[in-house]
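Some notes on the structure that comes next.
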Amino acid sequence: MSNPSDSQITDTKPTIPQKNIAIIRPRQVFVKKPLAMLRQYEPLEGLPAYLWPECSSDNRWPPVLYHGIPVPTSHIIDHWLNNMLPEMDRTTLNEAELKSLEEPPVPDNYFLPVISDLENTLTDAVGWRIRLLPVHGLPGDRYGRVARLRDNYYSHRIPDIVVQKLQEALGTQSPPMWYLTTGVHAQWDSFPGPNTRPRVSRKKTGKSSVN
């Protein structure tokens, strides 16, 4: 786990705008917030100090937040239709089955393979390990996924060229923002215990130039 640099921290006080009540630290350990509250999360340009685990002075563990760029729904569908569907063996499918495959959205049973293949495609194009992960903070988006560059537990310096290449590959000018993960780690204190630290084997790579 890398220590966040000054440029990564936007506020040294343990406060957050009321509209982002989803990530306010509960007074008691292991208190869980309802899903409806987590879904109200709004993306941040930078993280307050208390959302960086290494800045914690009381062994409380913040939720996991991803720094990344939203993946347009159209990009996922296009990858399915133009890159994966043409490679499928469709000789055993009838006309109705073929039609269902060729119309958006991506069929449920093919969705995860499409995401995995698109991750590999983006990783090759950008030269940086890209994961497409579900998040809170994209209301109304069919798939609600961001192309993750890093998170608040594994913080790396991200070269500007990596951000530019990812934007080009996704066909968007959206800047990287911080998004709240879904699932159990969207909650405070979701690691094994408030007095334990997750084991991390990654090496520090320097200060980040991106908030």
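- Linking Ile, Leu, Val, Met, Phe, Trp and Tyr whenever their side-chain heavy atoms come within less than 4.5 Å puts Trp128 and Ile161 in one cluster.
- Between Trp52 and Trp178, the gap from one ring centroid to the other is short of 6.0 Å.
- Between Phe111 and Tyr143, the ring centre distance stays below 6.0 Å.
- Between Arg148 atom CZ and His67 atom NE2 the span is 12.5 Å, to the nearest 0.5 Å.
- Expressed to the nearest 0.5 Å, how far CZ of Arg131 lies from OG of Ser116 amounts to 8.5 Å.
- Two residues are said to be in side-chain contact when any heavy atoms from C-beta on lie closer than 4.5 Å; Pro70 and Asp141 fail this criterion.
- Rounding to the nearest 0.5 angstrom, the gap separating the CD1 atom in Ile69 from the CG atom in Leu132 is 11.5 Å.
- Partner of Asp189 under the salt bridge (Lys or Arg N to Asp or Glu O under 4.0 Å) criterion, chosen from Arg60, Arg27, Lys33, Lys32: Arg60.
- At most 12 non-hydrogen atoms from other residues, nucleotides or ligands lie less than 6.0 angstrom from CG of Asp108.
- A 4.5 Å side-chain heavy-atom check between Pro105 and Arg142 finds at least one atom pair inside the cut-off.
- Between the side chain of Trp188 and the main chain of Trp61, no donor-acceptor pair closer than 3.5 Å is present.
- Cluster annotation: Val184 and Leu180 are assigned to distinct hydrophobic clusters (Ile/Leu/Val/Met/Phe/Trp/Tyr, side-chain heavy-atom contacts under 4.5 Å, transitive).
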Practice task
Report the C-alpha distance between Asp151 and Leu65 in whole Å, list the side-chain angles of each, state the deciding distance to 0.1 Å, and finish with yes or no for side chain to side chain contact (heavy atoms under 4.5 Å, CB included).
Solution key: CA-CA 6 Å; Asp151 61 54; Leu65 293 105; over 6 Å; no
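- Listed by first then second residue, pairs satisfying salt bridge (charged side-chain N to carboxylate O under 4.0 Å, His left out) with a partner in residues 162-182 number zero, not counting sequence neighbours.
- Cluster annotation: Val146 is connected to Tyr154 through the hydrophobic network of ILVMFWY side chains, with a link wherever side-chain heavy atoms come within less than 4.5 Å.
- The nearest pair of heavy atoms linking Asn152 to Pro53 is O-CD, 3.1 Å.
- The distance from the CZ atom of Arg150 to the CZ atom of Arg157 is 11.0 Å, given to the nearest 0.5 Å.
- For the pair Pro48 and Leu44, the tightest heavy-atom approach, listed with the atom from each and the gap, is CD-CD1, 4.2 Å.
- Going from atom CG of Leu38 over to atom CD of Gln187 covers 5.0 Å, rounded to the nearest 0.5 Å.
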Handout entry: Leu138 vs Tyr179, side chain to side chain contact (heavy atoms under 4.5 Å, CB included): CA-CA, chis, key distance, verdict
Key = CA-CA 9 Å; Leu138 294 172; Tyr179 295 86; 3.7 Å; yes
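- Considering CE of Met84 and CG of Asp78, their distance stands at 14.0 Å, rounded to 0.5 Å.
- Here the closest non-hydrogen pair linking Arg145 and Leu112 is NH2-CD2, 4.3 Å.
- Between His136 and Ala186, the closest heavy-atom pair is CD2-CB, 4.4 Å.
- Side-chain contact check for Leu122 versus Leu170: some heavy-atom pair is nearer than 4.5 Å.
- Tyr50 has its side chain within reach of Arg25: a pair of non-hydrogen atoms, C-beta onward, lies under 4.5 Å apart.
- Under the 4.5 Å side-chain heavy-atom criterion for ILVMFWY residues, a single connected hydrophobic cluster contains both Ile76 and Met88.
- Hydrophobic cluster membership differs between Leu35 and Val135, with clusters built from Ile, Leu, Val, Met, Phe, Trp and Tyr side chains linked at under 4.5 angstrom.
- You'll find the side chain of Thr181 reaches within 4.5 Å of the side chain of Tyr66, heavy atoms only.
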